[in-house]
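The structure appears right after this line, and notes come after that.
Bear in mind that the values here come from a model prediction, so they are computed numbers and not experimental data.
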Amino acid sequence: MSIFLVGGGPDTTTSPVIFDQFVADVVRRTGGTRPPRIAVVLVDHEGSAAYFLPAYLDPLHRRTPCEVVTVLLRRREHVDPSVFEGVDAIVVGGGPTPVYAEGLRPAAAVIRHAVQAGAPYLGFSAGAMIAPERAIAGGYLVHGVEVCPEDASEGLGEVELREGLGLMSFAVDVHAAQAGTLGRAVAAVVHGLAGKAVAVDENTALVLPHSDPGEQRGIGAGHCWLIRGPGPKTTVSILGSVVTRG
């Protein structure tokens, strides 16, 4: 069972390998004896979920019969943690990262327990960013200096790290090559906001196997950028994808 951190939303995920490997892990989780129960979390703003949900649900249903528990988040509202009890897998979608971080905060312990017990986790964009203990919520400035394009700021000025789900210790940024957010992830480590970080390209996922979280690998069409500190000695290396384009 694994944690999948995808560097974009399903609209940028054209390689089938990401959904293929996630669903394969989910089926192994249930032993193929029954349809898996999958929680799918998506921010809903004035009915927007009705438009975006099929991009998450259709790839799941095409690959296996499953029971989907749809969890809609709205601004300034918190999710009921009990919706995640007994699920076989969890999918968290893309959208406004601060809304996901705040809305799922009361459920973090339940989600963490489910993942630690073997439920595969698939986070797209914001869903990947909120997975760590300390999550990059947005921002484009560090000490007033631009570190990424303002378009990627989530409406924040200074780069902020907030409480995440606690699934891993390193920070995560997304849309790395496409939106220029690699600079934000590097700056977060250089300036001590995070001890280490990973920035993931679109159409790419960083996969952390439960059996050994240190055996991380990239799948999809792009790169995972590994950033390690501390301070001015920060280094950046590339973890290339092991599976080619779909």
Side-chain angles (χ1 to χ4, degrees), residues 2-8 92 94 96-102 104-105 108 112 115-116 121 123-202 204-210 212-220 222-242:
S2 302
I3 298 171
F4 294 76
L5 305 173
V6 188
V92 180
T97 305
V99 177
Y100 281 99
E102 178 62 22
L104 289 176
R105 182 170 49 82
R112 189 163 57 249
V115 174
Q116 290 170 346
Y121 177 91
F124 286 94
S125 190
M129 292 179 72
I130 68 164
E133 295 172 0
R134 298 289 295 166
I136 297 173
Y140 71 107
L141 305 169
V142 174
H143 302 316
V145 178
E146 291 187 17
V147 294
C148 74
E150 187 175 359
D151 287 348
S153 69
E154 302 272 11
L156 301 175
E158 287 285 316
V159 173
E160 292 185 23
L161 271 72
R162 299 180 182 176
E163 181 180 353
L165 299 178
L167 303 185
M168 71 282 302
S169 59
F170 55 85
V172 177
D173 216 327
V174 293
H175 307 285
Q178 293 75 23
T181 52
L182 174 60
R184 179 168 63 191
V186 172
V189 175
V190 168
H191 292 279
L193 301 176
K196 55 184 176 179
V198 175
V200 187
D201 288 347
E202 293 177 358
T204 307
L206 179 70
V207 184
L208 309 176
H210 281 196
D212 183 358
E215 293 296 322
Q216 57 194 18
R217 56 193 172 89
I219 60 173
H223 297 101
C224 301
W225 307 79
L226 312 180
I227 305 119
R228 299 178 176 89
K233 296 183 180 179
T234 293
T235 61
V236 179
S237 58
I238 294 176
L239 178 64
S241 300
V242 297

If you compare all heavy atoms of [X] against all heavy atoms of [Y], which two are closest, and at what distance to 0.1 Å?
X      : Y      : answer
Met168 : Ala131 : SD-C, 3.6 Å
Ala137 : Thr97  : O-CB, 3.8 Å
Val207 : Ser2   : CG1-CB, 3.7 Å
Leu161 : Ile136 : CD1-CG1, 3.9 Å
Gly231 : Thr234 : O-OG1, 2.6 Å
Cys224 : Val198 : CB-CG1, 4.3 Å

Any non-hydrogen side-chain atom of [X] less than 4.5 Å from a side-chain atom of [Y]?
X      : Y      : value
Arg112 : Leu165 : no
Phe4   : Ile219 : yes
Ile227 : Leu182 : yes
Ile130 : Leu104 : yes
Met129 : Asp173 : yes
Val159 : His191 : no

Just how far is it from atom [atom1] of [X] to atom [atom2] of [Y], taken to the nearest 0.5 Å?
X      : Y      : atom1 : atom2 : value
Glu202 : Ser125 : CD    : OG    : 8.0 Å
Phe170 : Leu206 : CZ    : CG    : 5.5 Å
Glu154 : Glu160 : CD    : CD    : 11.0 Å

Would Val174 and Thr181 count as a side chain to side chain contact (heavy atoms under 4.5 Å, CB included) here? Give the steps.
CA-CA 7 Å; Val174 293; Thr181 52; 5.7 Å; no

Side chain to side chain contact (heavy atoms under 4.5 Å, CB included) evaluation trace for Asp151 with Tyr140
CA-CA 8 Å; Asp151 287 348; Tyr140 71 107; over 6 Å; no

Look at the side chain of [X] and the backbone N and O of [Y], then say whether any donor-acceptor pair between them is shorter than 3.5 Å.
X      : Y      : answer
Arg134 : Ala171 : no
Glu158 : His143 : yes
Arg184 : Ala152 : yes

Checking side chain to side chain contact (heavy atoms under 4.5 Å, CB included) for the pair Arg228/Val189: CA distance, chi angles, key distance, verdict?
CA-CA 7 Å; Arg228 299 178 176 89; Val189 175; over 6 Å; no

Check against side-chain hydrogen bond (donor to acceptor under 3.5 Å, both in side chains), His223 and Thr204
CA-CA 7 Å; His223 297 101; Thr204 307; over 6 Å; no

